[in-house]
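What follows is a short report on a single structure.
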Amino acid sequence: MAGAALAATSGCTVPVDAVAGISVTGDGHLLGVMAVCGHRIDGATLYVDGGDVNKTATVASWTADRSLGPGLTTWTLDSPAAGWTATSSPAHLSAQATYVFYGWTEDHSWSSREVSFTLADRDRLTPGRVRYDSVQDNGDDQEITVSIAEFTSRACRNP
C-alpha cells in the first residue's frame, strides 16, 4: 500500500532543472531570465497567482524557436523578442496582483523553479540585477535579487 501511495504522489510533479528570474532592460522593459542547468526548457509562462490552482490566470506564454540548452538566456517579455513566439504581451500588469514566471518543456519532462513578483518588486529592479527564488541553506525558498553574474554562478547549485 505504501508503494501505491508513493507512486501516486511521485508522478505529480515535473523535475526541476532550470531557474527562472526576472530583470529589466535599461529602458524599463520586463526581462525574462532563464538559467538552464543541464537539460532543456522549451518555453515560459507568466500567470497571476490566485493562491489556488483554480484561481490562476495565464497572462502570457512564450515558446522558444529552439529549446534552451544549458546556460543563461534572457529576452524581453513585453515586446517581440527574436527567437520567441509569444501568445500575448503582458503590457497591462496590475499593481494589485502577484505574478509567477516559470519555464517548461512541451513534453513535461523538465521545468524551472518559478519566481513570484509584484509590480513593486519589478519597479525596484535595475538593469543587471535578477530577482529569483533561491533555496537557502535551511531548505527554505526566498525571493532574492542579485547581479546577473551572481545569478549565473549560483542558480544551478540547487535548482
Side-chain angles (χ1 to χ4, degrees), residues 8-37 39-69 72-136 139-146 148 151 155-156 158-159:
T9 59
S10 65
C12 295
T13 61
V14 177
V16 173
D17 190 49
V19 180
I22 61 160
S23 186
V24 293
T25 62
D27 54 358
H29 292 278
L30 189 60
L31 195 64
V33 181
M34 191 70 62
V36 179
C37 302
H39 293 88
R40 76 177 205 283
I41 292 292
D42 296 328
T45 296
L46 178 69
Y47 67 90
V48 175
D49 185 4
D52 176 348
V53 151
N54 297 321
K55 294 183 180 180
T56 61
T58 297
V59 174
S61 189
W62 301 263
T63 302
D65 292 349
R66 291 187 176 161
S67 294
L68 308 179
L72 181 72
T73 301
T74 64
W75 70 100
T76 55
L77 299 183
D78 56 357
S79 61
W84 293 90
T85 301
T87 59
S88 63
S89 171
H92 303 290
L93 300 180
S94 169
Q96 289 76 36
T98 298
Y99 296 93
V100 178
F101 179 66
Y102 74 100
W104 43 263
T105 55
E106 291 178 351
D107 65 0
H108 307 290
S109 59
W110 300 103
S111 66
S112 77
R113 177 174 292 282
E114 62 188 28
V115 60
S116 64
F117 66 95
T118 63
L119 288 185
D121 296 325
R122 182 206 58 192
D123 293 345
R124 285 190 290 272
L125 287 169
T126 56
R129 307 280 296 168
V130 178
R131 177 182 172 87
Y132 78 106
D133 183 24
S134 174
V135 177
Q136 304 302 296
D140 290 342
D141 293 345
Q142 179 181 5
E143 306 294 336
I144 63 171
T145 301
V146 298
I148 287 181
F151 175 75
C156 286
N158 192 9

Asp141/Arg113 salt bridge by N-O under 4.0 Å criterion
yes

For Ser111, check side-chain contact (heavy atoms from CB on, under 4.5 Å) against everything at least two apart and list the hits.
Val14, Val16

Any chance you could measure Phe101, atom CZ, to Ser112, atom OG, to the nearest 0.5 Å?
7.5 Å

Least distance between heavy atoms, Thr25 atom then Pro127 atom:
O-CG, 3.6 Å

Distance check, rounded to the nearest 0.5 Å: Ile22 atom CD1 versus Leu31 atom CG?
9.5 Å

For the student: nearest non-hydrogen atoms of Leu93 and Leu46, plus distance:
CD2-CD2, 4.3 Å

Whether the Thr45 and Trp104 side chains hold a donor-acceptor pair (N or O, under 3.5 Å, no angle test) is what I'd like checked.
yes

Are any of the side-chain heavy atoms of Glu106 and Thr63 separated by less than 4.5 Å?
yes

Sequence-distant partners of His39, ring-ring contact (aromatic ring centres under 6.0 Å, His included), two or more places apart
Trp110

Qualifying residue, where the test is side chain to side chain donor-acceptor pair (under 3.5 Å) with Arg40 and the options are Asp107, Thr105, Asp17:
Asp107

A side-chain contact here means heavy atoms from C-beta on lying under 4.5 Å apart; do Leu72 and Val33 qualify?
yes

Rounded distance (nearest 0.5 Å) linking atom CZ of Arg66 with atom CG of Leu68
12.0 Å

Which heavy atom of Gly69 sits nearest a heavy atom of Val36, and at what distance?
O-CB, 3.3 Å

May I have the step-by-step check of side chain to side chain contact (heavy atoms under 4.5 Å, CB included) for Val115 and Val100, ending in yes or no?
CA-CA 6 Å; Val115 60; Val100 178; over 6 Å; no

Can you check whether Trp84 and Trp62 have ring centres sitting under 6.0 Å from each other?
no

Shortest non-hydrogen contact from Asp133 to Glu114?
CB-O, 3.1 Å

Test ring-ring contact (aromatic ring centres under 6.0 Å, His included) applied to Phe151 and Tyr132, step by step:
CA-CA 8 Å; Phe151 175 75; Tyr132 78 106; 4.8 Å; yes

Straight-line distance of Leu30 CG to Leu125 CG, nearest 0.5 Å:
8.5 Å

Taking the six-membered ring for Trp, is the centroid-to-centroid distance between Tyr99 and Tyr47 below 6.0 Å?
no

Note: Ile144 and Ser134 closest approach over all heavy atoms is CD1-CB, 3.5 Å

Which heavy atom in Ala95 sits nearest to a heavy atom in Leu119, and how many Å separate them?
N-CD1, 3.6 Å

Using the rule given for side chain to side chain contact (heavy atoms under 4.5 Å, CB included), can you reason through Thr74 versus Met34, listing the C-alpha separation, both sets of side-chain angles and the distance that settles it, and then say yes or no?
CA-CA 6 Å; Thr74 64; Met34 191 70 62; over 6 Å; no

Report yes or no: does Asp123 contribute a side-chain atom to a donor-acceptor pair with the main-chain N or O of Ala120 at less than 3.5 Å?
no

Can a side-chain donor-acceptor contact be found between Asp42 and Ser67 if the only test is distance below 3.5 angstrom?
yes

Between atom CZ of Arg131 and atom CZ of Arg124, what is the distance when rounded to the nearest 0.5 Å?
7.0 Å

